[in-house]
There are 2 protein chains.
Amino acid sequence: MTVTIKDVAKLAGVSPSTVSRVIADSSRISEKTKIKVREAMQQLGYHPNMIARSLASQSTQTIGLVAPSSTDLVFQNPFFPTVLRGISEGAHTKQYSIHMTTGKTEKEIYDDVVKMVQGRRVDGVILLYSKVEDRVLSYLRERNFPFVVIGKPFKHVEEITHIDNDNFRAAKDVTEHLLRLGHERVAFVGGNLNFVVTVDRVLGYEKALRNAGISLRNEYVIHEEFLREGGQEAVNALLSLEDPPTALVVSDDLMALGVLNSLNELGIQVPKDISVVSFNNVMLAEMSRPPLTSVDINIFDLGFEAARNLMQMIENPKEPVKRVIIPYNLVKRSSCGPVESAIVEST
Amino acid sequence: MTVTIKDVAKLAGVSPSTVSRVIADSSRISEKTKIKVREAMQQLGYHPNMIARSLASQSTQTIGLVAPSSTDLVFQNPFFPTVLRGISEGAHTKQYSIHMTTGKTEKEIYDDVVKMVQGRRVDGVILLYSKVEDRVLSYLRERNFPFVVIGKPFKHVEEITHIDNDNFRAAKDVTEHLLRLGHERVAFVGGNLNFVVTVDRVLGYEKALRNAGISLRNEYVIHEEFLREGGQEAVNALLSLEDPPTALVVSDDLMALGVLNSLNELGIQVPKDISVVSFNNVMLAEMSRPPLTSVDINIFDLGFEAARNLMQMIENPKEPVKRVIIPYNLVKRSSCGPVESAIVEST
DNA sequence: TTGTAAGCGTTATCAG
DNA sequence: CTGATAACGCTTACAA
């Protein structure tokens with residue numbers, strides 16, 4: 001039924017091993033037989049059985065992908081398809097394939113990872129997120145299995161190859177941008193603190209304030225689990241304060257969209273009454289009203305580099321640990337303005 | 001190094017085949033030995049090598065996913081992560097894994113598919129799109145390889161299992177909804193006509209108009225390749241008409257967002273001056289200003305059913321061809337209004 | 001430069 | 001109910 005290496009060997013009048021060597025384009029095979037064998041392959045429509053090859057060579061040429069549990073934000077976020085595209089293109093450069101976990105809960109995902117790692121289905125793994133506590137990461141580390149994380153590992157940063165932005169500095173930058181516009185009451189709206197990216201961004205925000213000699217206020221820092229609803233609740237909480245902020249640093253474009261909508265419903269104008277800046281710069285940032293000033297973190301590159309570095313680790317087991325920092329840049333649109341206008345307004 | 005079935009056999013004092021049977025939970029093994037073997041597995045931390053198992057059993061328990069080339073709309077669209085989540089959860093119910101193509105261009109994708117099919121890496125394939133001409137689909141059909149398509153196949157509909165919405169009727173419905181609101185100048189803004197879904201939707205739109213005795217106008221049907229820019233250009237074209245439409249049927253939420261923005265920039269109010277209805281009902285539909293009236297096509301279910309049906313086909317080769325129609329429903333929000341207001345406005 | 005033969009870790013077919 | 005033994009299709013020493 002299926003045409004194997006043996007059929008090709010027979011037709012070409014050589015041994016199976018020779019065919020195998022032709023597939024691998026071994027230098028120790030004469031051009032003449034290579035051509036002969038390739039013709040036989042053509043003629044029979046031969047395609048190597050990757051499974052058999054994997055079993056024999058103990059390598060699959062495939063990358064395992066681990067997304068956070070689908071209840072978390074990543075999956076709903078344009079971040080996901082974009083980083084996936086980056087990984088995909090990166091993998092393609094070396095002909096790697098992609099294998100995905102299908103689990104929903106953390107436990108299911110953990111089991112998936114064990115299955116794909118011990119089941120020898122993948123040569124390495126990319127973690128699409130970085131959480132404060134993570135069984136999956138611990139497992140991979142313990143087994144010494146090749147993996148890279150997108151984001152900054154919470155522990156053992158020096159020992160784990162990861163691809164990240166400098167989220168601390170980015171948050172500091174945007175906060176300073178707001179400060180420079182004259183804002184002094186700047187609040188932070190972030191996601192789940194279990195994600196390291198959230199932690200980094202609050203820290204950067206706080207640093208900027210501290211540098212500017214502005215004291216931190218607990219009421220100004222809000223963390224919400226969900227994107228839409230979160231934005232809404234954050235606005236409610238913030239605006240019911242005695243001293244509501246005049247500017248908001250929001251940790252995710254989607255959440256910022258929620259914020260914008262709530263503000264709009266309350267009749268509060270952006271950026272006249274309140275300034276908003278956010279992160280990721282997904283396509284929507286530019287389609288919102290007003291268009292969002294947002295930090296472009298080059299999501300595609302995060303994925304692409306993750307794939308590239310993982311493949312390097314797979315192919316060279318003694319590859320040193322790396323920290324790859326993808327540059328970011330602030331894309332200024334129309335959601336930020338000087339604080340003066342707000343003050344003028346209230347006078 | 002790695003613990004195999006043989007190690008387990010030795011420790012449990014049975015033969016490798018017995019261990020294999022315990023893994024498969026064969027009914028012809030005594031409970032006693034099952035327990036004994038399982039204990040040995042535990043003790044050694046045994047996990048089956050899926051690759052070896054696949055080679056021996058000629059089945060991989062994995063589903064191949066084929067997305068359209070990333071230059072097309074699907075990848076940028078929230079549709080993609082959602083349908084993926086559906087497939088993922090569907091696959092998980094039977095412990096199937098997911099394998100993805102990494103190609104960018106059509107040719108790369110085609111090669112990926114051949115490699116994963118002939119390479120025996122997957123037991124079946126899901127096509128995440130349906131195009132008018134598609135080498136991948138032809139290839140799968142010729143080889144008689146199990147596959148399902150999400151969307152309606154252009155040719156051989158009766159012979160290909162597919163999961164779809166009744167896009168024709170949905171488009172007809174929404175157009176009639178607009179008609180009922182008094183609109184007579186209704187335009188259609190759609191995506192690439194190579195996608196069957198686009199074709200179905202224009203057809204439904206046209207049918208509704210014809211039923212209502214309204215003559216079709218070519219200038220009222222616009223097709224755009226890209227989402228944002230497309231929305232913008234469509235608006236420009238439509239509004240420069242002598243007789244601009246008072247209502248728009250837009251084939252995709254994201255494009256509708258582009259439309260909304262262009263309209264907004266031109267100072268045209270929705271729904272007062274013009275009504276807009278779109279398709280898919282992704283999260284953004286509800287976050288736009290005004291919130292979009294949109295057809296919820298139950299994207300998650302499309303994916304879930306695709307996985308379920310494919311697995312059925314894989315497990316039962318003589319499973320009959322099926323057409324699964326996922327229901328849709330119109331979610332009314334604030335982007336549609338009676339035509340009267342527009343008329344009043346212009347008087 | 002090429003062939004022979006022994007794996008890779010399972011499952012499946014026969015016996016018993 | 002359980003055990004040998006032969007596949008599964010390929011890679012890779014080791015020989016020649």
Side-chain angles (χ1 to χ4, degrees), chain A residues 1-38 40-41 44-62 95 115-123 315, chain B residues 1-38 40-41 44-62 95 115-123 315:
Chain A
M1 183 67 214
T2 63
V3 23
T4 78
I5 215 173
K6 284 184 187 167
D7 304 313
V8 176
K10 203 171 297 169
L11 180 62
V14 298
S15 78
S17 39
T18 300
V19 177
S20 173
R21 290 185 183 110
V22 173
I23 294 174
D25 202 18
S26 159
S27 55
R28 325 182 308 187
I29 298 285
S30 73
E31 273 308 315
K32 209 166 52 185
T33 52
K34 275 190 187 172
I35 292 174
K36 195 171 57 184
V37 170
R38 292 205 178 106
M41 287 178 171
L44 297 176
Y46 170 80
H47 281 269
N49 181 321
M50 305 304 281
I51 296 292
R53 181 202 286 244
S54 291
L55 183 57
S57 66
Q58 305 282 57
S59 107
T60 58
Q61 296 253 108
T62 102
Q95 310 278 45
K115 192 172 164 190
M116 77 188 187
V117 168
Q118 318 246 31
R120 298 233 149 11
R121 281 232 249 230
V122 300
D123 295 340
E315 281 161 18
Chain B
M1 183 66 211
T2 63
V3 24
T4 77
I5 216 172
K6 285 183 187 167
D7 304 314
V8 176
K10 203 172 295 168
L11 180 63
V14 297
S15 76
S17 29
T18 300
V19 177
S20 174
R21 289 182 185 114
V22 173
I23 295 173
D25 201 19
S26 158
S27 54
R28 320 182 310 186
I29 298 283
S30 74
E31 272 310 314
K32 209 166 53 185
T33 53
K34 275 190 187 173
I35 293 173
K36 194 171 57 185
V37 170
R38 292 206 179 105
M41 288 177 168
L44 297 176
Y46 169 81
H47 281 270
N49 181 321
M50 305 305 280
I51 297 292
R53 179 201 285 242
S54 291
L55 182 58
S57 67
Q58 305 281 57
S59 108
T60 59
Q61 296 253 107
T62 103
Q95 309 277 46
K115 193 172 164 189
M116 78 188 187
V117 168
Q118 317 245 32
R120 298 232 150 7
R121 279 233 249 230
V122 301
D123 295 339
E315 281 161 19

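Note that these values count all heavy atoms, side chains included, but never hydrogens, waters or copies made by symmetry.
Protein atom CG of B/D7 is 11 Å distant from nucleotide atom P of C/dC8, rounded to whole Å. What separates NZ of A/K6 from C1' of C/dT4 is a distance of 13 Å, to the nearest Å. Atoms CZ (A/R53) and C1' (C/dG9) sit 19 Å apart, rounded to a whole Å. When rounded to the nearest whole Å, the span between NZ of A/K10 and C1' of C/dT2 equals 19 Å. In this structure, the CE atom of B/M50 is 10 Å from the P atom of C/dT10, given to the nearest Å. As rounded to whole Å, 14 Å separates atom C1' of D/dC10 from atom CZ of B/R121. Remark: P of C/dG3 and NZ of A/K36 are 8 Å apart, rounded to the nearest angstrom. If you measure from atom CD1 of A/I23 to atom P of D/dG9, you get 13 Å, rounded to the nearest angstrom.
The local environment of NZ in B/K36 is crowded, with over 12 non-hydrogen atoms from other residues, nucleotides or ligands closer than 6.0 Å.
Interatomic distance, B/I51 CD1 to A/R120 CZ, rounded to the nearest 0.5 Å: 10.0 Å. The distance from atom CD1 of B/I29 to atom OG of B/S20, rounded to the nearest 0.5 Å, is 9.0 Å. Note that CZ of B/R121 and OG of A/S54 are 5.5 Å apart. Values are rounded to the nearest 0.5 Å. Going from atom OG1 of A/T62 over to atom CE of A/M50 covers 9.5 Å, rounded to the nearest 0.5 Å.
Applying the side chain to side chain donor-acceptor pair (under 3.5 Å) criterion to B/T60, with sequence neighbours excluded, gives B/D123.
Residue pairs meeting the salt bridge (charged side-chain N to carboxylate O under 4.0 Å, His left out) criterion with at least one member in residues 13-25 of chain B, sequence neighbours excluded: B/D25-B/K34, B/D25-B/R38. The salt bridge (charged side-chain N to carboxylate O under 4.0 Å, His left out) analysis of residues 47-58 of chain B, with sequence neighbours excluded, yields no pairs.
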Problem - Verdict with reasoning, A/V117 to B/H47, per side-chain contact (heavy atoms from CB on, under 4.5 Å) - result: CA-CA 9 Å; A/V117 168; B/H47 281 270; over 6 Å; no
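In the helix from C/dT1-D/dA16 to C/dG16-D/dC1, the rotation axis of the first five pairs and that of the last five pairs differ in direction by 30°, rounded to 10 degrees.
One side chain, A/T18 or A/S15, offers a donor N or O that lies under 3.5 Å from an acceptor on the other.
Between B/I23 and B/I5, the shortest heavy-atom distance links the atoms CD1-CD1, 4.1 Å.
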Pairs under 3.5 angstrom, nitrogen or oxygen only, protein versus nucleotides 1-3 of chain D, please.
from  : atom 1 : to    : atom 2 : distance (Å)
D/dT2 : OP1    : B/S30 : OG     : 3.4
D/dT2 : OP1    : B/T33 : OG1    : 3.4
D/dT2 : OP2    : B/S30 : N      : 3.0
D/dT2 : OP2    : B/T33 : OG1    : 2.9
D/dG3 : OP2    : B/S15 : N      : 3.0
D/dG3 : OP2    : B/S15 : OG     : 3.3
D/dG3 : OP2    : B/T18 : OG1    : 2.4
D/dG3 : N7     : B/R21 : NH1    : 3.1
D/dG3 : O6     : B/R21 : NH2    : 2.3

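Near DNA chain D, defined here as any heavy-atom distance below 4.0 Å, the residues from residues 54-62 of chain B are B/L55, B/A56, B/Q58, listed numerically.
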